[in-house]
K.L.:
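First the structure, then my questions, so here it is.
Throughout, residue positions are numbered sequentially from 1 according to the sequence presented.
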Amino acid sequence: MASTTEGDHREEEAPHNEDEDTGAQVAPIVKLEEVAVTTGEEDEDAILDLKAKLYRFDKDGNQWKERGAGTVKLLKHKVTGKVRLVMRQSKTLKICANHLVLPTMSVQEHAGNDKSCVWHATDYADGELKDELFCIRFGSVENCKSFMEMVHEVAESQKKKEENKDASATAGLLEKLSVEENETEDKSRAEEEVPKEEKEEEVPKEEKKESKSEEAEKKPEEPASST
């Protein structure tokens, strides 16, 4: 019986010897090359990055439907300064929301839940523009407040940019109109001055004609020849 037990132990230990490192190096059958992956966020800076769960309101079913759980970001473009909201699912990185933060965007706290807030947006997550009603839920009240405050701040800054742009455009238009008015006035003045010069030049000619006729009248008649 003892010999049989020892034999069983040896059979169990045998596979462990097969897994020992022999030092041999095996070359891979397929060589994989590194591929540069672009996210479309290379020209943007993240000004907000929080974990949350996103829902969208289904009008047909009259109910909220989950879009995914992941990371919501506010990304500011390095050149234009425009800010967009982007959210991706944590595992698949599929885009759940993708839209600009416009001056008219307003985020409000969801009724009955201080960790959630809602807003309307024209979203492009599905590859086409859609009017969506979103609801996002955070893990804490602090994160929800941070999100609402940051979106409000961005919307206000975008509104000021639009106002400054409109003011600059109005100022440029008024300046252009004033320049055109000055050119018109100068042109009209020049047209008024031209006839005066022509009249002044014509006067001496008439005077010359009159003087010639007067000389002809004053010239004495020649005496008739005597026969």
K.L.:
Flag the pair Leu48 / Val154 as yes when at least one side-chain heavy-atom distance between them is below 4.5 Å, and no otherwise.
P.N.:
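Leu48 vs Val154: side chains apart.
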
K.L.:
What's the shortest heavy-atom distance between Phe134 and Cys96, and which atoms?
P.N.:
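Result for this residue pair: CE2-O, 4.4 Å.
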
K.L.:
Would you give the length of the straight line joining atom CD of Glu44 to atom NZ of Lys78, rounded to the nearest 0.5 angstrom?
P.N.:
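Those atoms lie 9.0 Å apart.
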
K.L.:
Just wondering, do Tyr124 and Ile95 contact through their side chains at under 4.5 Å, heavy atoms?
P.N.:
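Counting from C-beta outward, Ile95 and Tyr124 never come under 4.5 Å.
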
K.L.:
Output yes when Lys59 and Asp131 qualify as a salt bridge under the 4.0 Å nitrogen-oxygen rule, no when they do not.
P.N.:
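No, no charged N to carboxylate O under 4.0 Å.
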
K.L.:
Less than 4.5 Å apart, side chain to side chain, heavy atoms only: is that true for Thr71 and Ser90?
P.N.:
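Thr71 does not reach Ser90 side chain to side chain.
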
K.L.:
Can you check whether Met148 reaches Lys145 side chain to side chain, under 4.5 Å on heavy atoms?
P.N.:
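Met148 does not reach Lys145 side chain to side chain.
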
K.L.:
Any chance you could measure Ile47, atom CD1, to Glu153, atom CD, to the nearest 0.5 Å?
P.N.:
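These two atoms lie 7.5 Å from each other.
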
K.L.:
To check you understand the geometry: which heavy-atom pair defines the closest contact between Arg67 and Gln89, and what is its length?
P.N.:
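Taking Arg67 first and Gln89 second, the nearest heavy atoms are O-NE2, 3.0 Å.
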
K.L.:
Go through the steps to decide whether Thr122 and His99 satisfy the test side-chain contact (heavy atoms from CB on, under 4.5 Å), and finish with yes or no.
P.N.:
CA-CA 6 Å; Thr122 304; His99 62 80; 5.9 Å; no

K.L.:
Indicate the atoms forming the closest heavy-atom contact of Trp64 with Leu133, along with that distance.
P.N.:
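Closest pair (atom of Trp64, atom of Leu133, distance): CZ3-O, 3.4 Å.
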
K.L.:
Quick check: are there more than 12 heavy atoms from other residues, nucleotides or ligands sitting under 6.0 Å from NE2 of His152?
P.N.:
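No, NE2 of His152 has 12 or fewer neighbouring heavy atoms, counting only those of other groups under 6.0 Å.
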
K.L.:
With heavy-atom distances below 4.5 Å as the criterion, would you say the side chains of Gln158 and Leu102 are in contact?
P.N.:
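Result no, sub-4.5 Å side-chain heavy-atom pair not found.
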
K.L.:
Could you tell me the separation between the OG atom of Ser106 and the CH2 atom of Trp119, rounded to the nearest 0.5 Å?
P.N.:
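So the OG of Ser106 and the CH2 of Trp119 are separated by 12.0 Å.
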
K.L.:
Are Ile136 and Met87 close enough that some pair of their side-chain heavy atoms sits under 4.5 Å apart?
P.N.:
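The answer is yes, as the side chains (C-beta and beyond) meet within the 4.5 Å cut-off.
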
K.L.:
Any idea which heavy atoms bring Pro103 and Glu162 closest together, and the distance?
P.N.:
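Heavy atoms only, the tightest pair is CG-CG, 4.0 Å.
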
K.L.:
If every non-hydrogen atom of Met105 is compared with every non-hydrogen atom of His120, which pair is closest and at what distance?
P.N.:
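Nearest heavy atoms, Met105 then His120: CG-O, 4.4 Å.
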
K.L.:
With a 4.5 Å cut-off on side-chain heavy-atom distances among I, L, V, M, F, W and Y, is there a chain of contacts connecting Phe147 to Met150?
P.N.:
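In one cluster with Phe147: Met150, yes.
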
K.L.:
Answer yes or no: is there a donor N or O on one side and an acceptor on the other, between the side chain of His110 and the main chain of Asn113, under 3.5 Å?
P.N.:
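Between the backbone of Asn113 and the side chain of His110 there is no qualifying donor-acceptor contact (under 3.5 Å).
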
K.L.:
Could you tell me which residues satisfy salt bridge (charged side-chain N to carboxylate O under 4.0 Å, His left out) with Glu41, sequence neighbours excluded, listed by chain and number?
P.N.:
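With sequence neighbours excluded, Glu41 shows a salt bridge (charged side-chain N to carboxylate O under 4.0 Å, His left out) to Lys73, Arg88, given in chain and number order.
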
K.L.:
Quick check on side-chain contact (heavy atoms from CB on, under 4.5 Å): which of Leu50, Leu54, Val86 does Val72 satisfy it with?
P.N.:
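Only match with Val72 under side-chain contact (heavy atoms from CB on, under 4.5 Å): Leu50.
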
K.L.:
Identify the two heavy atoms, one from Lys130 and one from Asp126, that lie closest to each other, and give their separation to 0.1 Å.
P.N.:
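Between these two residues, the closest heavy atoms are NZ-OD2, 3.4 Å.
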
K.L.:
Out of curiosity, Asp58 CG to Lys65 NZ, how far, rounded to the nearest 0.5 Å?
P.N.:
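Interatomic distance, Asp58 CG to Lys65 NZ, rounded to 0.5 Å: 4.0 Å.
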
K.L.:
Taking the side chain as C-beta and beyond, is there a heavy-atom pair between Val101 and Val151 under 4.5 Å?
P.N.:
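SC-SC contact between Val101 and Val151 confirmed.
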
K.L.:
Check this for me: does any side-chain nitrogen of one of Glu163 and Lys160 sit under 4.0 Å from a carboxylate oxygen of the other?
P.N.:
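Result for this pair is no, no salt bridge flagged.
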
K.L.:
Going by heavy atoms in the side chains, are Tyr55 and Val118 under 4.5 Å from each other?
P.N.:
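SC-SC contact between Tyr55 and Val118 ruled out.
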
K.L.:
Got a second to check how far Asp43's CG is from Leu75's CG, nearest 0.5 Å?
P.N.:
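Between atom CG of Asp43 and atom CG of Leu75 there are 11.0 Å.
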
K.L.:
To the nearest 0.5 Å, what is the distance between CZ on Arg137 and NZ on Lys53?
P.N.:
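Between atom CZ of Arg137 and atom NZ of Lys53 there are 5.0 Å.
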
